[in-house]
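Any value given below was found using the heavy atoms of this structure, including those in side chains, with hydrogens, waters and symmetry copies removed. From a predicted model like this one, the values you see are computed outputs, not experimental measurements.
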Amino acid sequence: MKILFLHPNFPAQFRHVATALAKDPNNQVLFGTKFENPEWQIPGVRKVLFKPSREARPETHHYVRFLENGVLHGQAVFRIAEQLKAEGFVPDIVYGHSGWGPTLFIKDAFPNAKLKCYFEWFYHAIGSDADFDPADPLSVDDMARIRIKNTPILVDLYSCDWGISPTYWQRSQFPKEFQSKISVLHDGVDTEYFKPNPGAKLVLPNVDLSEVDEIVTYVARGMEPYRGFPEFIESIAYLQEHRPNTHVVIVGSDRVCYGKALPDGETYKNYMLKKVPLDLSRVHFVGSLPYGLYLKVIQASQVHVYLTRPFVLSWSMIESMSAGCLVIGSDTPPVQEVISDGENGLLVDFFAPKQIADRISEVLDHPTRMAQLRQKARETALERYSLEMLLPGHIQLIKDVANGSLPPQTMPTTTNVECKV
């Protein structure tokens, strides 16, 4: 089988499935990407770089700049498709992430190839992430821009032969008339790598917490409202009033990955530290970490806090559960799909820093009582999100779509329980 992956980043969500397919000598695996990421190499996977000719012009109406960038990405991929055809490579299936535009013209470039799309998110002005914070109301201009932002995704929904979403919540955001051609199948977590290490002590290159008994952790790509960073910082202030021995470790970059940035280049870290006085000797901002150090952080965690708007669920939450963390999560739909309060974790109001602090203290005060929740968290990861269990389904789904079995002969799902959302 000849397969072409498409994603601006490499290897992104396709790391495990591309690795598995490349191990089969009968497969020819190419990966079209915008950023080479030389530190990432997958044996048997050939990278093919595409480069848009320009970015959306400043004079383009701001509603459609995202679409213009998508078209430019699609054009760039079309050009490399022409080069690949000249070399004799015509894929049986193209598997690409929908939204940025690389998949837009695949049916024109390779008319006989099947197109499978990874559908991560469909944008809504009302009822999910955009209008979640009542203190940050949307303007009519925002609503119009958000509606138009779905244009490249709608083209993919129409053009693709099949699609996939990692969670039921995420699939539920797509138009109902297209959901019947989207399977729910999580990317999978390496549960043998992300596993508990009882009694682990945390030592990082610049942080030694080996003598600390109360470690609270927080992980996100960026420090932003979408992942509850301001609320978490406020909860630390409450926590420090009553727990002088508690240390907090924050993993992530001082940037905004999702949502609006602050004006004048100010970061949410600086903004919140000016707003909320903290004892910074007990708050450790360790930046983004390689997997090995990140694993040490969550293995040593007594309490892991994960907050998110009704948006894409982070891999880190399930990785933390797999490592046996006691996760305190926001009581929002993406988290509710995985965590049941008091069964395999604890849920809190996203906008309630004091409640977050109180639940952290509850866990720290009753470590024995909370042991069962940690065990259940690990079991949830093993039973519903294990890469070993899910990867064969990903491979079979690709084969089914490539062979024209639509709907696929096997309809894999992340879990056999009913969707809660």
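The closest side-chain heavy-atom distance from Val248 to Tyr218 is not below 4.5 Å. With contacts defined as side-chain heavy-atom distances shorter than 4.5 Å, the pair Asp331/Val348 does not qualify. When side chains are defined from C-beta on, Ile93 does not count as touching Leu115, because their heavy atoms never get closer than 4.5 Å. Looking at heavy atoms from C-beta onward, Ile106 lies out of side-chain contact with Ser159 at the 4.5 angstrom threshold.
The environment of CD in Glu362 is crowded: more than 12 heavy-atom neighbours from other residues, nucleotides or ligands sit within 6.0 Å. Around NZ of Lys2, the count of heavy atoms belonging to other residues, nucleotides or ligands within 6.0 Å exceeds 12. Residue Phe285 qualifies as enclosed at atom CZ: its count of foreign heavy atoms under 6.0 Å is above 12. Around CG of Asp365, the count of heavy atoms belonging to other residues, nucleotides or ligands within 6.0 Å exceeds 12. In the displayed structure, Arg255 atom CZ is contacted under 6.0 Å by more than 12 heavy atoms of other residues, nucleotides or ligands. For Glu266, the CD atom counts as densely surrounded, since its 6.0 Å shell holds more than 12 non-hydrogen atoms of other residues, nucleotides or ligands. Heavy atoms from other residues, nucleotides or ligands lying under 6.0 Å from NZ of Lys181 number more than 12.
Between Leu387 and Pro392, the shortest heavy-atom distance links the atoms O-CD, 4.4 Å.
Under the 3.5 Å distance criterion, with hydrogens and angles disregarded, a donor-acceptor pair is assigned to the side chains of Ser322 and Arg378. Between the side chains of Asp400 and Ser405, not a single donor N or O lies within less than 3.5 Å of an accepting N or O. Side-chain N/O atoms of Glu68 and Thr60 include a donor and acceptor closer than 3.5 Å. Side chains of Tyr294 and Glu319: a donor on one and an acceptor on the other come within 3.5 Å. In this structure, a donor-acceptor pair under 3.5 Å is present between the side chains of Asp142 and Ser139. Between the side chains of Tyr258 and Asp129, no donor-acceptor pair is found at a separation under 3.5 Å. No side-chain donor from either of Asn69 and Glu55 sits under 3.5 Å from a side-chain acceptor of the other. Counting only N and O atoms by type, the side chains of Tyr226 and Thr308 include no donor and acceptor under 3.5 Å apart. Side-chain polar atoms of His304 and Ser320 form a donor-acceptor pair below 3.5 angstrom. Side-chain N/O atoms of Tyr118 and Asp187 include a donor and acceptor closer than 3.5 Å.
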* **Evaluation steps, side-chain contact (heavy atoms from CB on, under 4.5 Å), between Val338 and Tyr385** => CA-CA 10 Å; Val338 183; Tyr385 301 101; 3.3 Å; yes
* In sequence, state the C-alpha distance, the side-chain angles, and the governing distance for Glu379 and Lys376, and then conclude on salt bridge (Lys or Arg N to Asp or Glu O under 4.0 Å). => CA-CA 5 Å; Glu379 289 174 3; Lys376 288 291 186 181; 3.6 Å; yes
* Could you please spell out the steps behind the side-chain contact (heavy atoms from CB on, under 4.5 Å) verdict for Lys399 and Ile395? => CA-CA 6 Å; Lys399 290 179 178 179; Ile395 302 298; 3.8 Å; yes
* Given the rule in the side-chain hydrogen bond (donor to acceptor under 3.5 Å, both in side chains) test, do Asn150 and His124 qualify, once you have shown the distances and angles that lead to the verdict? -> CA-CA 9 Å; Asn150 285 313; His124 293 272; over 6 Å; no
* To do: Using the ring pair (Phe, Tyr, Trp, His ring centres under 6.0 Å) rule, take Phe232 and Tyr306 through it: C-alpha gap first, then chi angles, then the decisive distance, then the call.
  => CA-CA 9 Å; Phe232 181 65; Tyr306 176 75; over 10 Å; no
* To do: Determine, stepwise, if the pair Asp358 / Ile356 fulfils side-chain contact (heavy atoms from CB on, under 4.5 Å).
  => CA-CA 5 Å; Asp358 288 344; Ile356 296 168; over 6 Å; no
* To do: Check step by step if ring pair (Phe, Tyr, Trp, His ring centres under 6.0 Å) holds for Phe122 and Phe174.
  => CA-CA 5 Å; Phe122 194 86; Phe174 288 84; 5.6 Å; yes
* Please walk me through it: do Lys107 and Asp161 pass salt bridge (Lys or Arg N to Asp or Glu O under 4.0 Å)? -> CA-CA 10 Å; Lys107 286 295 187 178; Asp161 295 282; 2.7 Å; yes
* Pair Thr191-Met389, side-chain contact (heavy atoms from CB on, under 4.5 Å): steps then yes or no -> CA-CA 10 Å; Thr191 53; Met389 177 185 70; over 6 Å; no
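Put simply, CD on Glu36 and CD on Gln41 are 7.0 Å apart, with the number rounded to the nearest 0.5 Å. Between Leu6 atom CG and Thr33 atom OG1 the span is 9.0 Å, to the nearest 0.5 Å. Here the CD1-NZ distance, from Ile3 to Lys114, works out to 14.0 Å after rounding to the nearest 0.5 Å. In this structure, CD1 on Ile153 lies 5.0 Å from OG on Ser98, to the nearest 0.5 angstrom. The structure places NZ of Lys195 at 9.5 Å from CG of Asp190, a figure rounded to the nearest 0.5 Å. Note that NE2 of His186 and CD of Gln170 are 7.5 Å apart. Values are rounded to the nearest 0.5 Å.
Applying the side-chain contact (heavy atoms from CB on, under 4.5 Å) test between Val249 and each of Val207, Ile298, Leu209, Leu289 identifies Leu209 as the sole match.
Considering only residues two or more places apart in sequence or on other chains, His284 meets the side-chain hydrogen bond (donor to acceptor under 3.5 Å, both in side chains) condition with His247.
Using a 30° and 60° split on the angle between ring planes, Phe5 and Phe31 fall in the parallel class, below 30°. Ring geometry for Phe14 versus Tyr95: interplanar angle of 30 to 60°, hence tilted.
Under a 3.5 Å cut-off, the side chain of Lys47 and the backbone N or O of Leu30 do not form any donor-acceptor pair. With hydrogens and angles disregarded, no donor-acceptor distance shorter than 3.5 Å links the side chain of Thr332 to the backbone of Pro334. No donor-acceptor pair under 3.5 Å is formed between the side chain of Arg374 and the backbone N or O of Cys325. Put simply, the side chain of Glu337 gets close to the backbone of Tyr168: a donor and an acceptor are under 3.5 Å apart. Judged by distance alone, the side chain of Thr267 and the main-chain N or O of Asn270 form a donor-acceptor pair under 3.5 Å. With Arg171 contributing its side chain and Ile182 its backbone, the two residues share a donor-acceptor pair below 3.5 Å. Looking at Asn37, its side chain never comes within 3.5 Å of a backbone N or O of Trp40 through a donor-acceptor pair. Under the 3.5 Å distance criterion, the side-chain polar atoms of Arg359 are left unmatched by any main-chain donor or acceptor of Leu346. His97 places no side-chain N or O within donor-acceptor distance of the main-chain N or O of Pro102, the cut-off being under 3.5 Å. Judged by distance alone, with hydrogens and angles left aside, the side-chain atoms of Glu234 form no donor-acceptor pair with the main-chain N or O of Pro353 at under 3.5 Å.
The distance between the ring centers of Phe132 and Phe351 falls below 6.0 angstrom.
Note on residues 219-228: no pairs pass salt bridge (Lys or Arg N to Asp or Glu O under 4.0 Å), not counting sequence neighbours.
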